[in-house]
Amino acid sequence: MPENTHDHEHDHEHDHEHDHEHDHEHDHDEHEYDYVVIGGGTAGSVIASRLTENPDVTVAVIEGGPSDVGRDDVLTLRRWTGLLGGELDYDYPTTEQPRGNSHIRHSRARVLGGCSSHNTLIAFKPLPSDWDEWEAAGARGWGSISMEAYYARLLNNIVPVDEKDRNAVARDFVDAARKALGVPRVEGFNKAPFTDGVGFFDLAYHPEDNKRSSASVAYLHPVMDERPNLTILLETWAHRLELSPHKRAEGVHVRTKDGAEILVRARREVVLCAGAVDSPRLLLHSGVGPRADLEALGIPVAHELPGVGENLLDHPESVIVWETYGPIPENSAMDSDAGLFVHRDPEHPGPDLMFHFYQVPFTDNPERLGYERPEFGVSMTPNIPKPRSRGRLYLTSADPSVKPALDFRYFTDEDDYDGRALVDGIRIAREVAKTEPLAGWLKREVAPGPQITDDAELSEYARKVAHTVYHPAGTCRMGSPDDELAVVDPQLRIRGLDGIRIADASVFPTMPAVNPMIGVLMVGERAVDLIGGGA
């Protein structure tokens, strides 16, 4: 995905309109609520909305960014690339990746709705095999049968890419892939589990005006002005948990946009929903994590928990780019509206290669290797649904304003499964490209170029230009009581602490084979049940 397409033309004076919408000014000494939700993102929006359905419950949402209300630059789905690397992006760098691409920037959204206000809103219900894998990894109660019900609860408008947004070249890609590979055409990937197939995605959007149906749009916009029990503290940055000597989370220390330092207290629970980067980061700065790492930085250890920051997951993908004979038709939902899943390994329950089809020449990384961006072009991105490499997130400073280090350890798995998958992916993409009706659009392969044919050269190219589809997960993973590196139990409670849960992509024990946003929304819905049941 394009990483640095900046768009600064907007006037942001209206960012603060909703800043203290429900923040009762006379309560400023108090700042005490039943629940404090840290992060108004994908899961946090769900949890805050659901908890405040009960008028007797008060909830504060701590969101580091501004509101998305009235911001067309955020709410218009097709403008998503303009948000990457801009002022609404925390923009985390990656540590050096000896076998991968060290230049990857991980976008994390700094705006209400979180990454659902930032991403392409591709909407896949995780496959039954994904949930069952979680349960097998110790996430008891999270198997496919119990999780199925949560999909039906989602408030987002999840629909297939609209007919008017189905670009002619994307339609021809679907036909060519079906013909070249013998995979079925899928209309509605969420209708039934699949192992392979090609088709247009389901998206969480409103096709009539190309507006997002993000977590904030679906869960917060309809209620934020009419629930006095919901307080949304915007541009308010959480930097340290308040933990009692008895290891109970009593609240969180925040800095407002005016620079004021406030302790926001939770009478019942703190719910940490800051995402796979910022949830472990906040824990580490609060002294919760691996003892030796914290001591080395001079951070007092409040609670030793060795798994915080471990098990960093992602969906790495590579890219193959073609020049087309002329411009691509303009109509599109978000320029990557169709995709392909391939199932190579009969031992494996779900798809083991995925491709996004971009109606643009996506050359950000190939250009670093000397490739030139064609004026008109398309791309296919081989992606590893179940990568085997595991990374870690760690602090390099005790200063909370210093970004953490993200070491994904891309392509470091023992038998090079991940690297080999990308080589297969490029070969499969070439098969599709030489098949009509797609072949008729394509003038030449730009990157890696038809002269690159042997495994070693393809592998080197594929790894050097690999990028992320912004799916970090797993850094506070859920697991069983005997799993030393599990950070939360199957009720999402942090092990050894009281009064705090985590609900976001950081709790994923393993990576779903599909884009994870719907999985995060479902984690949010389930978290509400767990909180409500006092489980």
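Looking at residues two or more places apart in sequence or on another chain, you find no ring-ring contact (aromatic ring centres under 6.0 Å, His included) involving Y394. Residues meeting the side-chain hydrogen bond (donor to acceptor under 3.5 Å, both in side chains) test with W131, sequence neighbours left out: none. Legend: residues meeting side chain to side chain contact (heavy atoms under 4.5 Å, CB included) with E148, ordered by chain and number and at least two apart, are K125.
Few gaps surround CD on E208; more than 12 heavy atoms of other groups in view lie less than 6.0 Å from it. Other residues, nucleotides and ligands place no more than 12 heavy atoms under 6.0 Å from the CZ atom of R409. Heavy-atom contacts from other residues, nucleotides or ligands closer than 6.0 Å to CD of E367 number more than 12.
Here the CG-CG distance, from N101 to N365, works out to 4.5 Å after rounding to the nearest 0.5 Å. To the nearest 0.5 Å, atom CZ of residue R108 and atom CG of residue L406 are 9.5 Å apart.
You'll find the ring centres of F362 and H467 inside the 6.0 Å limit. Taking the six-membered ring where the residue is Trp, the centroids of F341 and F355 are separated by 6.0 Å or more. Side-chain rings of H106 and F408 approach one another, their centers coming within less than 6.0 Å. Aromatic rings from W441 and F173 are positioned such that their centres are separated by 6.0 Å or more.
Side-chain contact of N331 with D165: a donor-acceptor pair under 3.5 Å is absent, judged by distance alone. For D278 and Y92, the side-chain atoms include at least one donor-acceptor pair closer than 3.5 Å. The closest side-chain donor-acceptor pair between S332 and Q359 falls under 3.5 angstrom. Side chains of S216 and D68: a donor-acceptor N/O pair is present below 3.5 angstrom, by distance only. Between the side chains of S459 and R463, at least one donor N or O lies within less than 3.5 Å of an accepting N or O. With 3.5 Å as the limit, one finds a donor-acceptor pair spanning the side chains of T381 and E317. In the model, Y325 has no side-chain atom that pairs as donor or acceptor with a side-chain atom of R444 under 3.5 Å.
With a 4.5 Å cut-off on side-chain heavy atoms, L181 and L340 count as touching. Looking at heavy atoms from C-beta onward, Y417 lies out of side-chain contact with F411 at the 4.5 angstrom threshold. A heavy-atom distance below 4.5 Å is not found between the side chains of E372 and V446. Between V69 and R71, every side-chain heavy-atom pair lies at or beyond the 4.5 Å cut-off. Taking 4.5 Å as the limit, every side-chain heavy atom of I122 sits out of range of all side-chain heavy atoms of M517. Using a 4.5 Å heavy-atom cutoff, the side chains of L203 and V161 are in contact.
Using modelled atom types, one side-chain atom of S379 and one backbone atom of V360 make a donor-acceptor pair closer than 3.5 Å. Checking side-chain atoms of N167 against main-chain N and O of V169 turns up a donor-acceptor pair under 3.5 Å. Between the side chain of D196 and the main chain of H343, no donor-acceptor pair closer than 3.5 Å is present. No side-chain donor-acceptor contact under 3.5 Å links E431 to the backbone of A180. In terms of modelled atom types and a separation under 3.5 Å, the side chain of K179 and the main chain of V174 share no donor-acceptor contact.
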> After noting the C-alpha distance and the side-chain angles of Y205 and D162, does the key distance pass the side chain to side chain donor-acceptor pair (under 3.5 Å) rule?
Replying inline: CA-CA 10 Å; Y205 84 133; D162 194 73; 5.4 Å; no
>> Evaluate D352 against K386 for salt bridge (charged side-chain N to carboxylate O under 4.0 Å, His left out), listing each step before the verdict.
In response: CA-CA 7 Å; D352 52 24; K386 291 287 186 184; over 6 Å; no
> So S401 and D399, side chain to side chain donor-acceptor pair (under 3.5 Å) or not? Walk me through it.
Replying inline: CA-CA 5 Å; S401 68; D399 178 351; 2.9 Å; yes
> Can F201 and F124 be said to form a ring pair (Phe, Tyr, Trp, His ring centres under 6.0 Å), step by step?
Replying inline: CA-CA 8 Å; F201 295 131; F124 279 104; 5.7 Å; yes
> What's the verdict on side chain to side chain donor-acceptor pair (under 3.5 Å) for Q451 and T453, showing C-alpha distance, side-chain angles and the deciding distance?
Replying inline: CA-CA 6 Å; Q451 74 286 0; T453 54; over 6 Å; no
>> The test is side chain to side chain donor-acceptor pair (under 3.5 Å); show your working for S144 and D132 and say whether it passes.
In response: CA-CA 6 Å; S144 55; D132 291 341; 2.9 Å; yes
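Checked for salt-bridge contact, E163 and R171 meet the test: a charged N lies under 4.0 Å from a carboxylate O. Using a 4.0 Å cut-off between charged nitrogen and carboxylate oxygen, D89 and R110 do not count as a salt-bridge pair. Salt-bridge check for R390 with D407: failed, with every basic side-chain N at 4.0 Å or more from each acidic carboxylate O.
For the pair R526 and Y150, the cation-pi criterion (under 6.0 Å, within 45° of the ring axis) is not fulfilled.
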